[in-house]
Structure formats: C-alpha cells, structure tokens
Amino acid sequence: HSFPKDMQRVAKIVNCCFVENSTIGDKTPTETQSPPLPPSSLEIDTGPKINMPTSMKTRTDNDTAANVQSEPPTATTFQKQDTLPRLPIPTLSSTLTRFVQAVTPLLTPSQLKETKTKVQSFLQNDGPKLQSLLEEYDAKAASDGTFGSYIEEFWNDAYLVPDTSVVLNLNPYFLLEEDADSKIAKCQILRAAALTFSSLKFAASLKNETMKADVFKRTTLCMDQFKSLFGSCRIPKKGESDVVEVTKDSSHVVVLFRNQFYYFRGLWPKSSNKDGEVKVAVNQADIAQILRTIVKDGKNISKAESVDSALGVLTTLPRNSWADAREKLKKISKSNEDALHIIESALFVLALDEFAPEDVHQAAANMLHGTHFMVQRDEGNDDSTNLSMRNFHPSIAYQGGTCCNRFYDKLQIIVCEDGSAGINFEHSAIDGHTTLRFVSDIFAETIVDFAKSVTKSIYSGGSLSIPSILNANIVRASDANQGKKKGDTTYFDTSPKKIHFEMDEHIKDSIFFAETKLGDAVNGDDTFILEFPNFGKNLIVHNSMSPDSFVQMTLLIAYYRLYGEVVSSYESVLTKRFFHGRTEAMRSTTTVAEEMMKCWNNTSSTEEEKLTALRNATKQHSKLVKEASEGNGVDRHLYALKCIGEKNDIYSELFSSDAWKALNHTVISTSNCGNPSLRLFGFGPVCPDGFGIGYIIKDSGLQYSISSKHRQTQRYALSLNETLLEMEELLHPLHRQQMGSPMSPRREVENKRRIFRLKI
C-alpha cells in the first residue's frame with residue numbers, strides 16, 4: 001500500500017520485500033543458529049509409531065507405507081542472483097516531471113502553480129545535491145555489499161521504525177480456496193495437517209535450494225527474500241527500530257490452540273544427513289495425530305482461563321509497549337526466555353481457531369485480525385451466552401473471539417473449525433508476491449496429492465504418474481526411531497510439547513490491556529467482500545484492455561460516483577526483476593483517469609464516450625505501470641532523496657509542500673495479488689479516511705476485499721458493483737448462446753442488480 005501522511009510513516013505495500021542480509025538502520029537482521037530446543041515441563045507423547053487413520057489413506061498412502069527418498073536435485077533457487085541488475089536511479093528531471101503529472105488532478109489551480117514553482121526551485125538547488133549524494137550512496141552500497149539497492153535501507157526503516165501495531169496497519173491476509181478433497185475440505189485437523197505437511201516440504205526444498213526460481217516473462221526474479229520466509233520473526237526493541245531475526249536452521253512448527261502454544265519438530269537437521277540435505281521428519285498422518293493430541297490437551301484449560309494468559313496478543317501492541325512487556329517477561333525466568341526463543345525461531349505458526357465463519361465477510365475479517373466478542377464468565381459453562389459490548393468488569397466477561405489466538409510477528413497459517421484456511425503474514429520480512437508463491441505451491445501440492453490418490457490404481461509408478469510440485473525427501477522419525485529409546489543420542493523426537501510461561505501480575509495486566517486495545521481496533525475495522533461473478537480477465541482482454549488497469553478504473557469511478565471527489569490512489573508494482581527488488585508505486589489517479597471519472601458520472605455522456613474514456617484511462621495506466629516496473633516511478637526515488645537529505649541535514653521545502661502531502665494521503669490503497677489458489681486477499685487502510693483494497697482477477701470473475709475504518713464500506717462495494725454492471729453492458733461479449741427467447745443485456749443487468757441488493 002502507500003504511506004499514510006508522510007513517507008516516514010509505516011510502509012504498507014503488499015508486495016514490498018525484505019532480505020535477511022540487508023541492514024535495518026544501523027542494525028543487520030540477525031541470522032541465528034538454533035540451540036537445542038529446551039525440554040518442556042509437559043510433554044504430550046504421541047508414541048514412537050503413529051498409526052495412520054483410515055480417513056487419511058487416500059491422501060498419504062504414498063508417504064506412509066515407506067519413507068519417500070530420492071536423489072536431491074541440483075540447487076537452482078539462488079543460482080542467478082548475481083546476474084540480476086541493480087535497481088536504477090532515475091534522472092532527477094524525469095522524476096520531477098512525473099511528480100507534477102501525478103499531483104495535478106489532486107491540487108487546486110493555485111496549489112498546482114505553487115507546486116511547479118517549488119519543483120523548479122528544487123531542480124535548481126537542493127535536487128542536484130541530493131541526487132549526487134544518492135548516487136554516491138548507492139555506489140558505495142554496491143561496492144561494500146551493505147545494501148542491494150538505493151532504496152533498501154530507507155524502505156526497511158519505513159517498516160521497522162514506527163511505533164505502531166502491525167495488526168491492520170501492516171499484516172495482509174490470504175484466504176485460500178477449499179481443498180479439492182471433500183474429506184479434508186471441511187475438517188480442521190485434516191486441512192491443517194495437509195497444509196502443514198506441504199509447508200514442511202516447501203521449507204525443505206527451500207533450505208536445500210532446490211526450489212525453482214520465480215520467472216516472469218522469461219526474466220528470473222530476485223529470490224533473496226525467500227531466505228526470510230521461514231524461521232524469521234520481527235523482534236521489538238525498546239526505544240529502537242525493530243529487527244528481523246532469521247533462524248537459519250529452524251526445524252520446528254509452533255501450534256496455537258485456545259491461546260496456548262505448542263510445538264513439534266518437522267524437519268531433520270542438516271547435521272543428521274551425511275549429504276547435508278534437509279528432510280521432512282513427519283508425514284501428513286503423523287501431523288494430524290499430533291494436532292489431535294494438541295487439541296485434546298488444549299481443551300483441559302477453560303477458554304476464560306486461556307485468555308488470561310494469551311501471550312500472543314502482546315504482539316498486537318505498539319512496538320515499544322511490546323518490547324517493554326517482552327523484556328519483563330524474559331526477566332521473570334530463564335525458562336520464559338527459552339520459551340520465547342522456541343516461538344520466535346519456529347518455521348511458522350499454525351493457528352487452530354475455535355470458530356467457523358458464517359459468510360465470506362467473517363472469513364476475511366478473521367484472517368485479517370481475528371474475531372472479537374465478549375462472553376459472560378460462567379464456571380460451569382465457558383460457552384455461555386455471547387454478550388454485546390458494554391462496560392464489563394473483567395471478572396464477569398472475557399474475550400471469546402479468535403483475535404488472541406495469534407502471534408503476529410511471524411508467518412501464520414490459520415485454519416478454522418470448518419476447514420477454511422488462510423495466511424496472515426508479518427510484512428516487513430516478506431512481500432505478497434513471495435507469500436503467494438509459498439501459498440500457491442502448498443495448495444497445488446494438496447491438489448496433486450488428491451489427484452494421485454484418485455489415479456493411483458491406474459498410474460501408480462511408470463511414466464504417466466503425476467509429478468509432485470514439491471520435491472522433498474521424507475524420512476519418518478517414527479520409523480527411524482524403531483528400536484531406540486527416548487534419551488538416545490540418535491532418537492529424534494517429533495512428539496508435541498506445550499510451551500509454558502511464568503507470568504506475574506504485570507504481564508497478565510499487559511495481556512488484558514493489549515486485548516482491550518485490540519478490541520477497539522477490530523471493532524473499528526469494517527471489512528466487506530465483493531465477489532463479482534459476471535465477468536473477469538477473459539472478457540476484459542477480449543475488449544483489448546489490461547485487466548489490472550480496468551480494475552483500477554472501476555475503483556476510481558465507484559469512489560467518484562459515491563463522493564464526487566478525486567483522491568490519491570496507489571497500486572504497488574513489482575520490481576523484483578532487479579537485485580533485492582521491492583516495489584514501485586503506481587499512482588492511478590491521473591489526469592486522464594480524472595476525465596474518465598467525470599465522464600462516467602455525467603448523465604449526458606453517451607455509451608461511446610464512456611467506453612472511449614475508459615480505454616484512454618486504461619492505456620495511460622498500463623503505460624505508467626510498465627514504467628514503474630522498470631524502476632521509473634515517482635515515490636521511491638523522491639522518498640530516497642528525502643531520506644538521504646535527512647542523513648545530511650538537507651531539508652527541502654518540496655517535502656513539506658501541499659503537493660507532497662496530497663500525493664501521500666492515499667485514500668484508495670490497492671494491490672493486485674492472486675491466482676486460482678486464493679479466494680481473497682486484503683489488508684487494512686493506510687490512512688484514517690481511506691480504503692484498503694486487495695483484489696484478485698480471475699478468468700471469469702473479480703474478487704474485492706475492501707476494508708476501512710468507520711466508512712461506508714458496504715455502500716462503496718455497492719457503488720463498485722453498479723459500476724461493473726454498467727461496464728458489462730458496454731463491453732463486447734465473448735459469445736451469447738441462449739435457449740428460447742433471449743433476454744436483453746439491459747434486462748440481464750437489472751436482474752443482477754436485484755440479486756446483489758438481496759444478498760446485502
């Protein structure tokens with residue numbers, strides 16, 4: 001997304017990247033070696049041999065009867081990193097020209113005149129000095145290897161310096177499509193086991209560097225941020241910027257259930273194999289049994305009691321407050337420090353929610369920030385009547401939602417009681433494009449597993465067998481441990497263990513107040529989903545327009561129709577073709593787009609005029625997206641000049657001008673991120689009066705996740721739906737085949753409007 005009022009504020013760009021060997025301010029993300037995991041005071045032993053449940057056999061027969069091993073393929077993941085070009089620094093004159101063009105529709109005539117004067121002054125005075133300093137800075141960074149691009153240090157600081165909560169301000173979410181296997185799709189344990197097993201295989205292939213690199217239009221993309229996908233954690237620092245620590249040899253998974261933490265080992269360490277290959281130590285059936293054991297143990301504590309010790313909610317605090325609580329927690333006992341290390345060094349967190357969303361809006365909100373509702377305390381029945389929010393004393397009501405069953409400083413896989421699943425990820429370490437690759441591969445792997453089970457009797461072995469997406473060797477610990485005893489040096493324990501914390505009253509108070517503050521934030525969020533099924537990519541391309549540009553224009557027209565205002569909008573554009581590439585901003589509100597908005601809101605405009613205006617606006621948008629993808633945008637270059645100036649005590653009035661403020665007051669913050677594995681993708685707004693809009697363009701449909709703070713989100717979605725229906729009328733159809741008397745396109749549209757109104 002874009003910055004709120006100033007680009008020093010937290011950056012919220014869904015496709016921004018971060019790499020483990022980049023510097024954060026004066027600090028470098030720590031790459032740690034994980035010491036042996038400390039024993040827990042409670043071990044939940046599943047036994048050395050876990051029998052596979054019958055219901056799982058259709059998915060894991062190929063992995064359970066015997067260990068799955070093969071020769072590891074040649075490393076390919078990072079082999080082309082050294083060939084990637086650095087992100088170019090645009091010329092000063094070209095960026096300033098683009099800046100004036102970008103702010104023109106946002107300013108009054110007098111403001112625009114003043115802006116042009118300030119831009120000219122900047123071009124003649126401070127600008128050349130800052131440009132020279134930035135070029136020298138980038139050359140030195142390239143020479144000594146401190147930073148991968150001219151923007152990297154400043155962009156990292158934008159994420160890690162602000163003292164704000166990551167919830168709704170930073171972390172995006174993905175909502176996955178249903179599993180292809182009906183037996184797994186609606187079962188929480190089986191869905192969680194399938195996703196975890198695929199994730200472990202993905203992690204193993206990544207650690208072995210056998211995963212294929214991302215390629216876009218035959219161009220290899222930067223893979224460096226994948227080093228921070230697993231085993232990474234954002235660590236708060238009191239009075240300092242946060243850091244991201246990456247535990248390179250992480251091999252365990254942390255599980256959250258009923259606000260309690262557990263863990264189990266899922267990967268063999270490299271040291272256990274002569275060839276240094278990382279192998280998976282559990283299969284899908286093993287994981288399912290582990291999760292059943294965790295859930296059974298977790299239910300021994302009441303929901304009310306679990307909330308009182310819901311340590312994960314502390315990660316929702318402003319960063320300094322969380323840093324303070326974290327240090328106090330560590331000082332209570334050495335075991336607390338060890339327990340924190342287990343969580344923070346885990347590959348990822350698996351959150352099992354005691355919640356089943358009633359509709360897609362609830363499902364999206366749960367993935368974004370969790371649910372929030374109060375429950376009356378009743379010693380005899382924890383699941384007593386839900387209460388509406390009033391002033392309750394903590395002794396008679398407790399938090400019954402899922403919002404505390406999280407650890408927001410890490411990558412999280414979230415699975416609900418009905419099997420619906422998604423991702424919430426800490427955004428300073430990885431971007432949306434990286435997370436999408438992870439999600440796509442693990443989702444595709446579950447489909448392949450199902451396909452193998454369906455065709456096993458036909459294509460078992462032989463040249464026609466279905467290949468796996470993720471190639472990782474599996475050596476079940478329960479098989480390798482046969483004839484060994486716990487305590488033996490070669491015994492590898494994958495049984496689940498509970499993580500305990502010693503808490504004093506101060507920590508318990510911090511947990512309670514963190515939960516109440518989070519409740520305010522959750523209640524202030526309004527997330528609404530528009531799933532438009534009438535047309536998608538195919539029809540848009542058939543009408544010779546870019547699907548992404550088309551969707552951007554729908555967002556602008558819908559807003560203008562509702563409010564009659566031209567506002568700043570933002571779309572993140574991937575620049576991973578460059579070494580340590582991040583994103584560039586594309587400012588969709590152009591002068592051509594402004595003309596289009598006014599044309600579509602003018603009752604006297606003809607259909608031909610509207611369609612022409614739409615085509616002109618999408619062409620302009622596509623041109624600017626291409627320029628941004630090549631590193632020739634506005635935001636990153638100017639922001640780097642601003643930051644390099646501050647390093648050298650040069651403060652230009654351009655960066656305090658009305659134009660700069662208008663550009664960075666992003667009311668419509670957007671990002672396009674998705675493929676068939678995702679149902680939804682979204683994030684919160686970047687300013688108090690803004691909308692955060694994640695969208696997915698499918699072949700025959702468009703998915704919008706829209707969030708705001710106390711704005712008319714649903715009404716905006718209705719305006720967007722009306723706009724799409726009108727556009728459908730004007731576009732040339734792919735084909736029309738009907739039986740009986742044909743219905744006119746206008747009549748079809750009116751019927752669809754009526755259906756939408758009934759739904760909402």
Side-chain angles (χ1 to χ4, degrees), residues 1-16 95-112 114-116 118-119 158 169 548-549 551-573 583-598 601 617-618 620-621 624-625 627-628 633-639 642 654-672 683-695 706-709 711 713 716 719-720:
H1 338 326
S2 64
F3 293 106
K5 294 184 178 179
D6 187 281
M7 293 191 81
Q8 287 183 317
R9 297 281 304 277
V10 59
K12 300 168 63 177
I13 296 172
V14 169
N15 283 330
C16 181
T95 296
L96 291 175
T97 298
R98 291 189 180 96
F99 174 68
V100 173
Q101 292 171 346
V103 299
T104 295
L106 308 176
L107 303 177
T108 64
S110 60
Q111 288 175 322
L112 181 58
E114 181 184 1
T115 297
K116 289 180 178 179
K118 290 185 176 181
V119 165
N169 294 314
D548 181 72
S549 298
V551 170
Q552 285 289 320
M553 296 308 110
T554 68
L555 297 172
L556 296 178
I557 293 172
Y559 189 92
Y560 189 82
R561 283 181 158 179
L562 192 58
Y563 296 103
E565 295 177 350
V566 177
V567 295
S568 180
S569 60
Y570 180 108
E571 178 186 7
S572 58
V573 177
T583 59
E584 179 56 82
M586 191 298 165
R587 296 292 179 173
S588 303
T589 306
T590 62
T591 53
V592 182
E594 181 184 17
E595 293 172 2
M596 174 202 66
M597 287 182 258
K598 292 178 178 179
N601 203 45
T618 56
Q620 174 72 358
H621 181 273
L624 295 178
V625 165
E627 292 177 359
V634 175
D635 291 57
R636 302 298 178 266
H637 186 199
L638 286 182
Y639 182 55
K642 180 178 184 292
L654 178 67
F655 300 115
S656 60
S657 65
D658 289 339
W660 180 257
K661 294 174 183 177
L663 185 68
N664 290 290
H665 183 73
T666 304
V667 175
I668 302 177
S669 178
T670 74
S671 186
N672 173 10
F683 45 86
V686 301
C687 60
D689 60 341
F691 289 97
I693 306 171
Y695 58 92
I706 311 170
S707 294
S708 73
K709 298 178 181 178
R711 294 202 70 173
T713 311
Y716 176 61
S719 177
L720 183 56

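Just so it is clear, the structure is predicted and the values come from calculations on it, not from any experiment.
The minimum heavy-atom distance linking Ala593 with Leu556 is given by the pair CB-CD1, 3.9 Å. The heavy-atom pair separating Ser669 from Val686 by the smallest distance is OG-CG1, 3.7 Å. Minimum interatomic distance between Leu555 and Tyr716 (heavy atoms only, all atoms of both residues): O-OH, 2.8 Å. Across all their heavy atoms, Ala558 and Ser719 have their closest contact at O-OG, 2.8 Å. Shortest non-hydrogen contact noted between Thr713 and Ser708 is OG1-OG, 2.5 Å. Smallest separation of non-hydrogen atoms from Met553 and Ala617: SD-CB, 3.6 Å.
A 4.5 Å side-chain heavy-atom check between Phe683 and Ser671 finds at least one atom pair inside the cut-off. Taking the side chain as every heavy atom from C-beta outward, His621 and Val625 approach each other to under 4.5 Å. In this structure the side chain of Gln101 never reaches within 4.5 angstrom of the side chain of Thr590, judged on heavy atoms. At a threshold of 4.5 Å between non-hydrogen side-chain atoms, the residues Val119 and Leu654 count as touching. At least one side-chain heavy atom of Val667 sits less than 4.5 Å from a side-chain heavy atom of Tyr559. Residues Val103 and Val634 have side chains not in contact (no heavy-atom distance under 4.5 Å, counting atoms from C-beta outward).
A salt bridge does not link Glu571 with Arg587: none of the charged nitrogens is closer than 4.0 Å to a carboxylate oxygen.
For the residue pair Tyr695 / Asp548, a side-chain donor-acceptor distance below 3.5 Å is found, with atom types taken as modelled. In summary, the side chains of His637 and Thr95 do present a donor paired with an acceptor at a separation below 3.5 Å, with no hydrogens or angles considered. No donor-acceptor contact under 3.5 angstrom links the side chains of Ser569 and Gln552, judged on distance only.
The side-chain contact (heavy atoms from CB on, under 4.5 Å) test applied to Thr104 returns Val100, Leu112, Thr591, not counting sequence neighbours. Evaluation of the salt bridge (charged side-chain N to carboxylate O under 4.0 Å, His left out) rule for Arg711 yields no partner, not counting sequence neighbours. Considering only residues two or more places apart in sequence or on other chains, Ala628 meets the side-chain contact (heavy atoms from CB on, under 4.5 Å) condition with Val573, Glu584. Legend: residues meeting salt bridge (charged side-chain N to carboxylate O under 4.0 Å, His left out) with Glu114, ordered by chain and number and at least two apart, are Lys118. When the salt bridge (charged side-chain N to carboxylate O under 4.0 Å, His left out) test is applied to Lys598, the partners found at least two apart in sequence or on another chain are Glu594. Under the side-chain contact (heavy atoms from CB on, under 4.5 Å) criterion, Gln111 pairs with Leu107, Thr108, Asp658, not counting sequence neighbours.
Residue Asn601 holds its CG atom at 6.5 Å from CZ of Arg561, rounded to the nearest 0.5 Å. In this structure, CD in Gln620 is found 10.0 Å from OG in Ser549, a value given to the nearest 0.5 Å. Of the inter-residue distances, the one linking Ile557 atom CD1 with Leu720 atom CG reads 10.0 Å to the nearest 0.5 angstrom. The CG atom of Leu663 sits 5.5 Å away from the CG atom of Asp635 when rounded to the nearest 0.5 Å.
The aromatic rings of Phe99 and Trp660 sit tilted, their planes meeting at an angle between 30° and 60°.
Between the side chain of Thr670 and the main chain of Tyr570, a donor-acceptor pair closer than 3.5 Å is present. Side-chain atoms of Ser707 never come within 3.5 Å of backbone atoms of Pro685 as a donor-acceptor pair (strictly under, hydrogens ignored).
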Exercise for the section: Take Asn672 and Val551 through the side chain to side chain contact (heavy atoms under 4.5 Å, CB included) test and state the conclusion after the steps. Expected result: CA-CA 9 Å; Asn672 173 10; Val551 170; over 6 Å; no
Practice task
Please assess His665 against Val567 for the test side chain to side chain contact (heavy atoms under 4.5 Å, CB included), listing each intermediate value before the final yes or no.
Solution key: CA-CA 8 Å; His665 183 73; Val567 295; over 6 Å; no
